[in-house]
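Worksheet: the structure to be examined is printed underneath.
Since we're looking at a predicted model, the values are computed, not measured.
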Amino acid sequence: MDKKKKGSAKELRLMVVGSSGPSQFQLTNAILGKEAFSKDVTSISASMKNKGQLGGRPVAVVNGPNIYDKDISHPKREMELRRSKCLCIPGPHAFLIAFDLENISLNDMKTPKLLKKRFGANCLKHCMVLFAYEGDLDGAALENRVKKTDWYLRELIEKYGGRFHVFKKNWRGRCQEKELLRKIEVMVASLGGGHFSSRTFQKAEDSVRKEERRLRKKRSEEIERTWNEMEQQYIAKDLRLQKDAYNACIGAEIQAKAELDNGWLRTSLVRGLGTGLVVGAVMGALFGAIEGPGGMVLYGFIGGAVGASAGGTAQVAIKHMENRVYPPVRLNFNSIFINRFFAASRSC
């Protein structure tokens, strides 16, 4: 049963969702005040997390593939949906649904139904609509347009409890960030100050924590050896500071790896691999029927191998992740590891 968890966190976890086009990536840039995504990005195939500040408050922003993206397979989409939940555990404080103000599609009007299907029936209470715009009109004029002029925009935001904000595509102008933060905080406060959660978010958290324990155990000798080396070099207060810094970095690094690869995601990967194998084999066999019984066997085998290749590629990526060289202690492990891993994946 979907539920809301009480309590608050200093860091706001924001899940940015879009149905098509670059709006969700423009919104992410606007929130972070930096170019996390280049202006020509219109879709991604793998979920990502970036960290930064919004109006002086720390935020973690999670982007998944466009929810209507037809460029990725159903098994891949399902795995990335799971991965986006792992990246946002224990749950987002807000879902930000990004649309282009001048390009509202029929799919956009159907988004609430799909959101409830993918995240849970109560997720709409934690949603806010964000309209991207370009031009010189001020925010008040645009908000007036949304509320009073364009009926289809009113109809859209009413599906999300009337909560909305307009933001400039030019993310370099930071004048809008405080008002956006204020609206998000008001929404979160109205819901008791907690984050959204559901059975699947709880499953994601359990799987990530289990993977963290496994990774920590795997590196226990290395961690103990490093502690011993520190004890040879530092004393008293300096030793505590060094250990605390090291532990924090190791913890962030292990969490980042566990969010990207854990038992729940591997289960999804195996299912996708099996589905690809079966579908590929069937299609290959149908094609091979033209060549007779021998052709059915041959093309069925080839089709199955091709259908499984996507899962195999993902498995190679996961193996590659396990063998990464870790960045220096002074750097932000979480952001660096995630950004470098996905950069490496895209270049393969």
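In the hydrophobic clustering of this structure, Y133 groups with Y152; members are Ile, Leu, Val, Met, Phe, Trp, Tyr whose side-chain heavy atoms approach within less than 4.5 Å, directly or through other members. Cluster membership check: I97 shares its hydrophobic cluster with L114, using side-chain heavy-atom separations under 4.5 Å among Ile, Leu, Val, Met, Phe, Trp and Tyr. L241 and Y246 fall into different hydrophobic clusters, where Ile, Leu, Val, Met, Phe, Trp and Tyr residues are linked whenever their side-chain heavy atoms come under 4.5 Å apart, directly or through other members.
Annotation: side chain of S198 is not in contact with side chain of F119 (no heavy-atom distance under 4.5 Å). In this structure, L14 and V62 have side chains that are not in contact, with every pair of non-hydrogen atoms separated by 4.5 Å or more. Here the side chains of M48 and T28 are not in contact, with every heavy-atom distance at 4.5 Å or above. Side-chain contact between L156 and T111: absent, with no pair of heavy atoms (C-beta onward) separated by less than 4.5 Å. Under the 4.5 Å side-chain criterion, counting only non-hydrogen atoms from C-beta, K125 is in contact with L191.
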Q: Output, in order, the C-alpha distance, side-chain angles, deciding distance and verdict of side-chain contact (heavy atoms from CB on, under 4.5 Å) for W151 and L153.
A: CA-CA 5 Å; W151 65 267; L153 295 178; over 6 Å; no
Q.
Under the criterion side-chain contact (heavy atoms from CB on, under 4.5 Å), I'd like the reasoning laid out for K257 against L215: C-alpha separation, chi angles, the key distance, then a yes or no.
A. CA-CA 9 Å; K257 292 185 73 172; L215 291 173; 3.9 Å; yes
Q: Test L96 against L27 for side-chain contact (heavy atoms from CB on, under 4.5 Å), laying out the working first.
A: CA-CA 9 Å; L96 304 181; L27 173 57; 3.9 Å; yes
Q: I would like to know whether K210 and N262 meet side-chain contact (heavy atoms from CB on, under 4.5 Å); could you show each step before the answer?
A: CA-CA 8 Å; K210 183 178 180 179; N262 53 65; over 6 Å; no
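Atom CG of residue L54 and atom CD1 of residue I31 lie 6.5 Å apart, to the nearest 0.5 angstrom. Distance check, rounded to the nearest 0.5 Å: CD1 of I223 to NZ of K217 gives 13.5 Å. Taking OG of S84 as the start and CD of E259 as the end, the distance is 11.5 Å to the nearest 0.5 Å. Rounding to the nearest 0.5 angstrom, the gap separating the OG atom in S43 from the CG atom in N63 is 12.0 Å. Here Q202 contributes atom CD and K85 contributes atom NZ; the two are 11.0 Å apart, rounded to the nearest 0.5 Å. For the atom pair NE2 (H74) and CG (L81), the distance works out to 10.0 Å, reported to the nearest 0.5 Å.
Nearest heavy atom pair, residue P65 against residue A46, reads CG-N, 4.3 Å. Pairing each heavy atom of N122 with each of F196, the nearest pair is C-CE1, 3.8 Å. Across all non-hydrogen atoms, the minimal contact from R219 to I250 is NH2-CD1, 3.4 Å. The shortest non-hydrogen separation linking P90 to S197 is O-OG, 3.7 Å. Residue I72 comes nearest to R77 through the heavy atom pair O-NH2, 3.3 Å, listed as atom of the first residue, atom of the second, then distance. Taking all atoms of both residues into account, the shortest heavy-atom contact from T42 to N66 is O-ND2, 3.0 Å.
Within the structure, ring-ring contact (aromatic ring centres under 6.0 Å, His included) pairs that include any residue of residues 16-39 comprise F25-F37 (at least two apart or interchain). Here salt bridge (Lys or Arg N to Asp or Glu O under 4.0 Å) pairs that include residues 225-251, with residues two or more places apart or in two chains, are E231-K243.
In this structure, the side chain of S207 does not engage the main chain of K203 through any donor-acceptor pair within 3.5 Å. Listed for the H126 side chain is no donor-acceptor partner under 3.5 Å among the backbone atoms of F95. Side-chain atoms of N29 never come within 3.5 Å of backbone atoms of Q24 as a donor-acceptor pair (strictly under, hydrogens ignored). In this structure, R163 contributes its side chain and C127 its backbone to a donor-acceptor pair below 3.5 Å. In terms of modelled atom types and a separation under 3.5 Å, the side chain of R13 and the main chain of V59 share no donor-acceptor contact. The backbone N or O of L87 lies less than 3.5 Å from a partner atom in the side chain of K49, making a donor-acceptor pair. The backbone N or O of I104 lies less than 3.5 Å from no partner atom in the side chain of D108, so there is not a single donor-acceptor pair.
K169 pairs by the salt bridge (charged side-chain N to carboxylate O under 4.0 Å, His left out) definition with D100, not counting sequence neighbours. With sequence neighbours excluded, the residues that form a salt bridge (charged side-chain N to carboxylate O under 4.0 Å, His left out) with K183 are E143. Remark: E102 engages R145 in a salt bridge (charged side-chain N to carboxylate O under 4.0 Å, His left out) (not counting sequence neighbours).
Comment: E212 engages R209 in a salt bridge, judged by a side-chain N to carboxylate O separation of less than 4.0 angstrom. Using a 4.0 Å cut-off between a side-chain N of Lys or Arg and a carboxylate O of Asp or Glu, R266 and E211 qualify as a salt bridge. A salt bridge does not link R57 to E11: none of the charged nitrogens lies less than 4.0 Å from a carboxylate oxygen. A salt bridge does not link E185 with R182: every distance from a Lys NZ or Arg NE/NH1/NH2 to an Asp or Glu carboxylate oxygen is 4.0 Å or more. E134 and K168 are not joined by a salt bridge, as no carboxylate oxygen comes within less than 4.0 angstrom of a charged side-chain nitrogen. Ion pairing between a basic and an acidic side chain is recognised when a charged N comes within 4.0 Å of a carboxylate O; K76 and E80 show such pairing.
When the shell of 6.0 Å around CD of Q233 is examined, it contains more than 12 heavy atoms from other residues, nucleotides or ligands.
Centroid-to-centroid, the aromatic rings of F167 and F131 stay 6.0 Å apart or farther.
With a 4.5 Å cut-off between side-chain heavy atoms of Ile, Leu, Val, Met, Phe, Trp and Tyr, the cluster of I89 takes in V208.
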